[in-house]
Amino acid sequence: MVTPITDAMMDSIPMVVITGQVPTHLIGTDAFQECDTVGSTRCCAKHNYLVTDVEDLARTIQEAFLIATTGRPGPVVIDIPKDVQFATCTYIGKQGVQKATYKPQTEPNDDAIARAISLMKKARRPVFYTGGGVINSGPEASEALRKLQKLTGFPVTSTLMGLGAFPASHDDWLGMLGMHGAYEANHAMHDCDLMICVGARFDDRVTGRIDAFSPGSKKIHIDIDPSSINKVIRADVPIIADSGAALNALIKAWGKTKPQDLSEWKGQIDTWRARRCFAYANSDTEIKPQYAIERLYELTKDRETYISTEVGQHQMWAAQHYHFESPNRWMTSGGLGTMGYGLPAAVGIQAAHPDALVVDIAGEASVQMVLQELSTAVQHSLPIKIFILNNEWMGMVRQWQELLHGERYSHSYSDSLPDFVKLAEAYGARGLECDDPKQLDSKLQEMIDYDGPVVFDCRVTKAENCLPMIPSGAAHNEMILSEITGDEIDEAGSKLV
């Protein structure tokens, strides 16, 4: 459980984990199957409990859900000894349950809002930098972001975890930023004079080299977690609050202010956008992974579709080429990058939305981490679709070995992969396979139309690199656009991977 707990902690996902412990009188004796669960998870959970008295159990569980779902969401661990599990107690409802030492600040400071508005009114090259905090705040926060953007006209970019909070079809959408983000997004962040960070934490995949990150901008940082403020990048105006509450306060304070003329700034953005950084050389004989995602998007965009991913090149290609109009349609492992995330996530999504189309965009290596969960989908009649971009490599590992190690590939190629079609059939699911771009649409439609779990083995170009890319040690506006030569990362940068 340590891996998913850490995953939830880094991506601010509310989760309550209940673990079993040896009886209280055996704790500390190295009893059979004893493990210091609280000690093991203290560093990666939002809060931990070891319940040694059954009379504390009901209140503890209520507190755990309160802590997990409020403030910055995160995982809470409750370790319950066996004798406590077998005991009985009086049930306590959640009404009135509070934890005296836990009082997250959700409403913004009025003075901070006023200072932020003052900077926003003066800005000539502004940008909204949004993250998963907007999604976690709830649909109202995404609506507030859209409303504030309409009032101001400021362009919007997003982290991997924030995709969908702002519609990808909007003219002022810059795309995802960061290591594999859009050229225009990264350059706008670098050249802006005002950055409004909402629910993001300036992680290293976004900033590139810290001392070269957006050097000429004032920075407003909205975050519900006080520890995130000034941790990586100094904020000129820190606003500790829930993203939705802060955005609504900014809307109110902006009032009927006439938006400034940003035509020169947007003209510059259009120049960057004209580079078409996500363009690729398509093929009539091989399925390019980018093309596979594009066709999946075109065939599913008008449906109620939810996308999960595993971790690797396919994850980045999905973020680049699948376009989200609404929040909570994109589930991926961001901060920890956990291979094996997508399939069980798809199972959960499908259980919550039985009539929706749920697709796990996967790599042939990542999906094998937890492929046994296909039996869960079959057993519970959950018609998830597992769309494998199979290049027979752990592609992101191969790409880094090309960048850093002179193409000395070590343990990244898979020449003994299973027959995914037969494997799917062994589980009682449907198996599909395609390596011809001319047949891709019909096969995808077959996958979509099948009323049951499907494993689609899509054979794609083997050595395609995921570009654009910010090399480690480079500034966030120093991007590789079209070809890796092997000399992009110096010795100092190689230590930052």
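For the side chain to side chain contact (heavy atoms under 4.5 Å, CB included) test, residues two or more places apart in sequence or in another chain that qualify with N328 are I135. Residues satisfying the salt bridge (charged side-chain N to carboxylate O under 4.0 Å, His left out) criterion with D457, sequence neighbours excluded, are R459. The side chain to side chain donor-acceptor pair (under 3.5 Å) check on K231 picks up nothing, with sequence neighbours excluded.
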Between M396 and M316, does the side chain to side chain contact (heavy atoms under 4.5 Å, CB included) criterion hold? Intermediate values first, please.
CA-CA 10 Å; M396 195 62 81; M316 295 298 103; 3.9 Å; yes
Side chain to side chain contact (heavy atoms under 4.5 Å, CB included), that's the test. Do E407 and Q401 meet it? Break it down for me.
CA-CA 6 Å; E407 300 183 24; Q401 288 174 345; over 6 Å; no
Please report the C-alpha distance between S158 and M176 in whole Å, then the side-chain angles of each, then the deciding distance to 0.1 Å, and finally whether the side chain to side chain contact (heavy atoms under 4.5 Å, CB included) criterion is met.
CA-CA 5 Å; S158 166; M176 182 181 73; 5.8 Å; no
Can you check side chain to side chain donor-acceptor pair (under 3.5 Å) on T3 and T338, steps first, answer last?
CA-CA 8 Å; T3 296; T338 309; over 6 Å; no
W317 and E464: CA distance, side-chain angles, deciding distance, side chain to side chain contact (heavy atoms under 4.5 Å, CB included) verdict
CA-CA 11 Å; W317 282 317; E464 192 82 2; 3.9 Å; yes
If you apply the rule side chain to side chain donor-acceptor pair (under 3.5 Å), what do you find for Y341 with S366, and how did you get there?
CA-CA 8 Å; Y341 170 92; S366 277; over 6 Å; no
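Note on R398 versus E402: salt bridge recorded, some NZ/NE/NH1/NH2 to OD/OE distance being below 4.0 Å. Ion pairing between a basic and an acidic side chain is recognised when a charged N comes within 4.0 Å of a carboxylate O; E433 and K443 show no such pairing. Salt bridge status for D172 with K266: present, with a side-chain N to carboxylate O gap under 4.0 Å. We find that R201 and D203 are not joined by a salt bridge, their nearest charged nitrogen and carboxylate oxygen being 4.0 Å or further apart.
Although no hydrogens or angles enter the test, the distance criterion places no donor-acceptor pair under 3.5 Å between the side chain of E392 and the main chain of D415. A distance-only check finds a donor-acceptor pair linking the side chain of T300 to the backbone of L296 [under 3.5 Å]. Between the Q149 side chain and the F154 main chain, a donor and an acceptor come within less than 3.5 Å of each other. Here the side chain of Q290 pairs no donor or acceptor atom with the backbone of A279 at under 3.5 angstrom. A donor-acceptor pair under 3.5 Å is absent between the side-chain atoms of Q439 and the main chain of C434, judged by distance alone. Listed for the E325 side chain is no donor-acceptor partner under 3.5 Å among the backbone atoms of P167. A donor-acceptor contact shorter than 3.5 Å is absent between the side chain of K301 and the backbone of L299. Put simply, the side chain of H221 gets close to the backbone of A200: a donor and an acceptor are under 3.5 Å apart. In terms of modelled atom types and a separation under 3.5 Å, the side chain of S243 and the main chain of V198 share no donor-acceptor contact. The backbone N or O of L343 sits nowhere less than 3.5 Å from a side-chain atom of S308 that would complete a donor-acceptor pair.
The only option from I388, N391, D435 that meets the side-chain contact (heavy atoms from CB on, under 4.5 Å) definition with V460 turns out to be N391. Of the candidates K385, E310, Q350, E310 is the only one forming a side-chain contact (heavy atoms from CB on, under 4.5 Å) with D360. The residue from H190, M195, R125 that alone fulfils the side-chain contact (heavy atoms from CB on, under 4.5 Å) condition with S217 is M195.
Contact check for M369 versus M339: side-chain heavy atoms found under the 4.5 Å cut-off. Within the 4.5 Å cutoff, side-chain heavy atoms of N186 are placed close to those of I470. Using a 4.5 Å heavy-atom cutoff, the side chains of T19 and V77 are in contact. Annotation: side chain of M1 is not in contact with side chain of T41 (no heavy-atom distance under 4.5 Å). Looking only at side-chain heavy atoms (C-beta outward), P453 and Y427 stay at 4.5 Å or farther from each other. Contact of the L403 side chain with the I480 side chain is registered, since non-hydrogen atoms from C-beta on lie closer than 4.5 Å.
In this structure, H47 and Y49 have perpendicular ring planes: the angle between them is above 60°, well past the 30° mark. Between F213 and H476, the ring planes lie tilted relative to each other; the angle falls in the 30° to 60° range.
For Y297 and H321, the ring centers sit 6.0 Å or farther from each other. Taking the six-membered ring for Trp and the full ring otherwise, Y306 and W330 have centroids separated by 6.0 Å or more. Taking the six-membered ring wherever Trp is involved, the centroid distance between the rings of F202 and Y129 falls below 6.0 Å.
Side-chain contact annotation: E364 with S414, donor-acceptor N/O pair under 3.5 Å absent. Looking at Y280 and E294, their side chains do bring a donor and an acceptor atom within 3.5 Å of each other. There is a side-chain donor-acceptor pair under 3.5 Å between Q399 and Q313.
From I196, atom CD1 reaches atom NZ of K219 across 12.5 Å, with rounding to the nearest 0.5 Å. Taking CD1 of I349 as the reference point, atom CG of L357 lies at 11.0 Å (rounded to 0.5 Å). Between the CZ atom in R303 and the CD1 atom in I448 there is a gap of 6.0 Å [rounded to 0.5 Å]. Atom CD1 of residue I307 and atom CE of residue M331 lie 8.5 Å apart, to the nearest 0.5 angstrom. Taken to the nearest 0.5 Å, the CG atom of L145 stands 6.0 Å off from the CG atom of L247.
Sorted by first and then second residue, the pairs that involve residues 66-78 and meet side-chain hydrogen bond (donor to acceptor under 3.5 Å, both in side chains), not counting sequence neighbours, are S12-R72, T70-Y102, R72-D225.
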Using atom types as modelled, flag every donor-acceptor pair under 3.5 Å from a side chain in residues 270-278 to any protein atom, sequence neighbours excluded.
from : atom 1 : to   : atom 2 : distance (Å)
D270 : OD1    : R273 : NH1    : 2.9
T271 : OG1    : G267 : O      : 3.1
R273 : NH2    : W173 : O      : 3.1
R275 : NH1    : Y183 : OH     : 3.1

Distance-only criterion, 3.5 Å: show the donor-acceptor pairs between side-chain atoms of residues 370-378 and protein atoms not counting sequence neighbours.
from : atom 1 : to   : atom 2 : distance (Å)
E373 : OE1    : T376 : OG1    : 2.7
S375 : OG     : Q372 : O      : 2.7

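Crowding of F65 atom CZ: a count of heavy atoms from other residues, nucleotides or ligands under 6.0 Å not exceeding 12. Within 6.0 Å of atom CG in D171, 12 or fewer heavy atoms from other residues, nucleotides or ligands are found, so the atom counts as exposed in its surroundings. Within a 6.0 Å sphere centred on CG of D449, other residues, nucleotides and ligands contribute more than 12 heavy atoms.
Stacking of R329 on the aromatic ring of F324 is not recorded, the 6.0 Å distance cut-off and the 45° axial limit not both being met.
Nearest heavy atom pair, residue A365 against residue M394, reads CB-CG, 3.5 Å.
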